[in-house]
Amino acid sequence: MSTPTGHYDFAAFEAKWQKHWIENRTFRTPQPGDEDFDASRPKFYVLDMFPYPSGVGLHVGHPLGYIATDIFSRYLRMRGFNVLHPMGYDAFGLPAEQYAVEHGVPPRETTAKNIANMRAQLQRLGMGYDWDREIATTDVAYYKWTQWIFLQLYNSWYDPEEDTARPLAELIHSLECENRVVGPHGELVPVAGASTGLQEFVGLPPGTRTWSQLTPEERHDVLDAHRLAYLDEVAVNWCPALGTVLANEEVTNEGRSDRGNHPVYRRPLRQWMLRITAYADRLERDLELVDWPEAIRLMQGNWIGRSEGAEVDFAVEDSEEVIRVYTTRPDTLFGATYMVLAPEHELVDVVTSDEQRAAVQAYVEQARHRSDLDRTAETKEKTGVFTGGYAINPVNDERIPIWIADYVLMGYGTGAIMAVPAHDTRDYEFALKYNLPIVQVVQPPGNEDWRGYVGDGIAVNSGRFDGLTTAEFKKQITEWLESESLGKGAVNYKLRDWLFSRQRYWGEPFPILHDAATGQVFALDESELPVELPTIEDYRPQASDDPNAPPAPPLGRATDWANVRGYMTEAGSVKLVRPGQDAPAGVPVRAFRRELNTMPQWAGSCWYYLRYLDKHNDDALVAPEVEDYWMAPCDGGPVGGGVDLYVGGAEHAVLHLLYARFWHKVLYDLGYVSSPEPFGRLFNQGYIQAYAYQDARGMYVDVNDIEEQGEGKDLRFIRKSTGEPVTRSLGKMGKSLKNAVAPDDICHNYGTDTLRAYEMYMGPLEASKPWSTRDIVGMSRFLQAVWRRFVAEDGSIMVVEEAPDDRLHRLLHKTVKRVTFDMHNLRFNTAIAALIELNNALSGGAVPRQVAETFLKLLAPIAPHLCEELWQRLRGSHWHRSISVERWPAYDEALCVEAEVEIVVQVMGKIKARITLPASADEGQMREVALADERIVAELTGKTVRKVVCIPGRLVNIVAN
RNA sequence: GCCGAAGUGGCGGAAUUGGCAGACGCGCGGGAUUCAAAAUCCCGUCCCCGCAAGGGGGUGAGGGUUCGAUUCCCUCCUUCGGCACCA
């Protein structure tokens, strides 16, 4: 403990209190099952998006949201809430692996070092986390449960009738009971009347087979085709030079790798996929259950991309085949003048004529090698080839040509379209280029040109449907198509299934085995978890110049780890038999190779908010009573329940938040969590921007190498090391713009409390705003002024025991009201302004104790070290209870209004006088006094008063002319 | 192109429901203190005219609703974010 002095020695007392909080576990959060748990307190779960522990540490932009949630959590604790506010690390990922490749240091070591460094940084920021709950996604005890969730996905299927995920065992049971049979393409067909035992009389749907009619291999395939986690051959971004697949975000617009600028190819590879599309509808619908920024909900909605339309079958001329298309505009069917298949469409070969075959094959081959980004770049001109085949338009029996073009994507709808060039921008462009007919079928309102018109209108050239509005036409034609068995209403989503494997080392291994003999895939038994990531010597991915060389993930080098023996359990999972061990008697032992891919970085961050709840539980991901306590809707919170406040950057608007919602819903369906949504309320903090400087070549110059010269219009920026002039611009703070400012430097020069208060004072939390080290002195002055207000030069405390006078008493209550309101709404900038105003009003003389104590409580969440120190000094040296457990001050509404108010008197909206009236003055009194004011009398001379508007407590406006 | 957010002094920003535009802070100007400086304290600081009293203008631009608009409506401009051939 430091000896009391009169000097504002922030370095000493900030370290003292940080140590105090950690040693006393001040912010440990008791919960159901703990001895000191108090069930009478309301709960609140405040969550930060956890960081990636990078080697370079934090800059002042990173902790913006963390400071905000820390302040909010401290405020809620003082309000009597049981607050959960944990922190952890999203520690798998590429940088540690790249570092390992370059320096030979195992990622585990680098990561441990970076985490220790980041923890120390967070503690120096005075964060009141419950450190007992700290997690890292790379901890074996953590990723055991990431693997466990994967097993749940693997062992579940989506039941469209019940609209829920269910254990695969239930599907097998239903197939064995013949409640369901298997269709010709492996699809599940419910049997009508199955539950009544009448199916014998009804008979099975044509083309279907019962479970008992399938071979064991066919059964395996049927099950695999319905798992929520499945292997599939998909076109991926394959970078042979890096030896890995890349996410779309990791590929540049030029079709090269973000790191290293190596070529990237589209290539079909057998990869793990997660069936997120099964949840598309619920992921979209349940956005209603959460309290999120509207912009984020819209972004997720657009990403899921639900559209309603119809599927229509077009007969192929001289063939039994039909081409099924999806359209959102069935009302334009009469305007379909040609069809387009995606180059990968299965009917391309069938419809192609002999004369066109060579050209079609060349086009298909070329399309295969273009990346998706390449193909979808709108700046690129559309290309295509006529197949020589024709289809019949079902509504008017017109013969229309079939083309192939890569502007039609195989992955959306049916991979085939009817082209209506008159009313679709893309079809219009294509038709103009290739001279295809354009037929108007929609009459736009007004005099707009119908060519390329894509809006709604009145039907023309559409036979008996002429004259209908677009909406009515859609409805009628969809009914007609259904009645004629030519098509049906259909819903489509832009959302695709989630590519879930990476050819990398530093990620979670899959709990999956491949039979060494047959290649068949099996899941490990839950009892075999965790599958630990093995130590290897060489972390390099196997690079190759040959784009067709098979991928060789680094885990392939861990041969002892990868090759295992095991046996099947009754449930169909595999238990391992370790060297020297034996399987149970009579059970055959088989050789397996482990899955060598690892999971993407998103996996660990998909569910971390659940593990904080029950980090030490070895038997379950989270105990049900604990999960139920924290994830239930809070008082007045959104009905979807979940984390009560989740704060993070908007850059995760789609992927992380969508993936996490998907996993959460699976866990919900399977009964492991109680809330349908993981994050009830979401708040996006803005970025901290900073000036960045570029030299003549456009290269960024480190901010520390910059000197300002001149001022005003003559302000210039000079690079100190070379003396050359540089230009200034504003950008997101970070390494790439060389404009990062380290929080440690600010804490060292001004103190942590100053940094915290300044970051909050910069502006609204949700706004992006520029960092200005120059402006920090304002906050530093404020906190020093607070110190000097209470501590004399000799270190003695300056408070008096008298009650405050009426003016100060009212100001105090008004300030409590303002700060409480602002805290509640995360408006810390105005809360601080209110506290500065109160402090400014305390000028001269000693402060009444009542005012001093209330003031410190209000400031404590923002500047906790300063307030702890002053609180202790105020209470005497024997005092050791943290101010963070004091009760938040209450205010008296009656004291928040002044006895007298100044009323503005306007004539024709312009202020002409000010009058002082009792706050209780009614409209009549206001009017009387205002009209009697000599300034107003003079102003109204020669005018007639038409109207007098009185707003009690605010103004009088006289309309006169 | 489509979707979304935002434009207020020299700067960051404030203004709960339509009711005194510019709270609070930075910077700047002046003063006090000091041998001097730093620190601190006090006063001033939207723009224009005026010694002043006072007057006029003003929240990206233009229009509208209203007694009254930073706030609501329409059109446009600029900046930032997201999506980008999704039929």
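The residue A/K910 sits close only to the backbone: its heavy atoms come under 4.0 Å of sugar-phosphate atoms, none of a base. When heavy atoms are screened at a 4.0 angstrom cut-off, A/T425 is found touching no nucleic acid atom at all. A/P764 comes within 4.0 angstrom of the backbone, heavy atoms only, and of no base. In this structure, A/R827 reaches the sugar-phosphate backbone alone: every heavy-atom distance under 4.0 Å involves primed, P, OP1 or OP2 atoms, never a base. Within the nucleic acid shown, A/L955 comes within 4.0 Å of at least one base atom, counting heavy atoms only. Residue A/K494 is classed as a base contact, given a heavy-atom separation below 4.0 Å to a base. Base engagement by A/F821 is indicated by at least one non-hydrogen atom pair under 4.0 Å involving a base atom.
Rounded to whole Å, the C1' atom of B/U16 lies 14 Å from the corresponding atom of B/A23. On the C1' atoms, B/C24 is 22 Å away from B/G19, given to the nearest whole Å. Taking atom P in both B/G68 and B/G18, one finds a spacing of 16 Å when rounded to whole Å. B/G56 and B/G50 have their C1' atoms separated by 11 Å, with the value rounded to a whole Å. The same atom, C1', is picked in B/G22 and in B/G10; the two are 14 Å apart, to the nearest Å.
Partners of A/Y687 according to the side chain to side chain donor-acceptor pair (under 3.5 Å) rule, which considers only residues two or more places apart in sequence or in another chain, are A/E651. The side chain to side chain donor-acceptor pair (under 3.5 Å) search around A/T328 returns none, not counting sequence neighbours. Partners of A/H656 under the side chain to side chain donor-acceptor pair (under 3.5 Å) rule, at least two apart in sequence or in another chain, are A/Y646. In terms of the salt bridge (charged side-chain N to carboxylate O under 4.0 Å, His left out) criterion, residue partners of A/D331 (sequence neighbours excluded) are, by chain and number, A/R329. Remark: A/E893 pairs with A/K817 by the salt bridge (charged side-chain N to carboxylate O under 4.0 Å, His left out) rule, at least two apart or across chains. Applying the salt bridge (charged side-chain N to carboxylate O under 4.0 Å, His left out) rule to A/E311 yields the partners A/R324, A/K488; only residues at least two apart in sequence or on another chain are considered. Under the rule for a ring-ring contact (aromatic ring centres under 6.0 Å, His included), the partners of A/Y659 that lie at least two apart in sequence or sit in another chain are A/W498, A/W602.
The side-chain tip of A/R728 points at the ring of A/Y691 from less than 6.0 angstrom away and within 45° of straight on. Geometrically, A/R661 does not engage A/W303 in a cation-pi contact defined by less than 6.0 Å to the ring centre and at most 45° from the axis. With A/F430 as the aromatic partner, A/K382 does not meet the cation-pi criteria of under 6.0 angstrom to the ring centre and within 45 degrees of the ring axis.
For A/Y326, the side-chain atoms get nearest to B/A87 when compared with the rest of B/G13, B/A87, B/U17. In the set B/C83, B/A21, B/U17, the nucleotide with an atom closest to the side chain of A/I911 is B/A21. Across B/G4, B/U40, B/G55, the shortest atom-to-atom separation from the side chain of A/A295 is found for B/G4. Picking from B/A87, B/G55, B/A21 the nucleotide with the shortest atom distance to the side chain of A/T328 gives B/A87.
Base-pair partner of B/C46: B/G57 (Watson-Crick or G-U wobble, both distances under 3.5 Å). Partner assigned to B/A32 is B/U40, using Watson-Crick or G-U wobble distances below 3.5 angstrom. Across the strands present, B/A5 finds its partner in B/U79; the criterion is a Watson-Crick or G-U wobble pair with both atom distances under 3.5 angstrom. Under the Watson-Crick or G-U wobble criterion, with both distances below 3.5 Å, B/A14 is left unpaired in every strand shown. Under the Watson-Crick or G-U wobble criterion, with both distances below 3.5 Å, B/C72 is paired with B/G64. Base pairing of B/A23 is not made with any nucleotide, judged by Watson-Crick or G-U wobble geometry with both donor-acceptor distances under 3.5 Å.
Projected onto RNA chain B by closest heavy-atom contact, A/T327 and A/K912 fall at different nucleotides, the more 5' of which corresponds to A/K912. The residue among A/Y493 and A/E902 whose nearest nucleotide of RNA chain B is located toward the 5' end is A/E902.
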Might you list the N or O atoms of the protein lying below 3.5 Å from N or O atoms in nucleotides 23-27 of chain B, with each pair's distance?
unit_1	atom_1	unit_2	atom_2	d
B/A23	O2'	A/E837	OE2	3.2
B/C24	O2'	A/Y761	OH	2.5
B/C24	O2	A/Y761	OH	2.5
B/G25	OP1	A/N840	ND2	3.2
B/G25	O4'	A/Y761	OH	2.8
B/C26	OP1	A/R781	NH1	2.6
B/C26	O2'	A/D775	OD1	2.5
B/G27	OP2	A/R781	NH1	3.4

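A close approach under 4.0 Å does not occur between any side-chain nitrogen or oxygen of A/S768 and OP1 or OP2 of B/A6.
Its glycosidic angle being more than 90° from 0, B/G31 falls on the anti side.
Shortest non-hydrogen contact noted between A/P401 and A/L436 is CG-CD2, 4.2 Å.
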- Task: Quick one, give me the B/S/- string for nucleotides 62-81 of chain B, reading 5' to 3', where B means a protein heavy atom under 4.0 Å from the base and S means that only happens at the primed atoms, P, OP1 or OP2.
- Result: -----BS-------------

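Put simply, the side chain of A/R914 and the base of B/C20 share a donor and an acceptor less than 3.5 Å apart.
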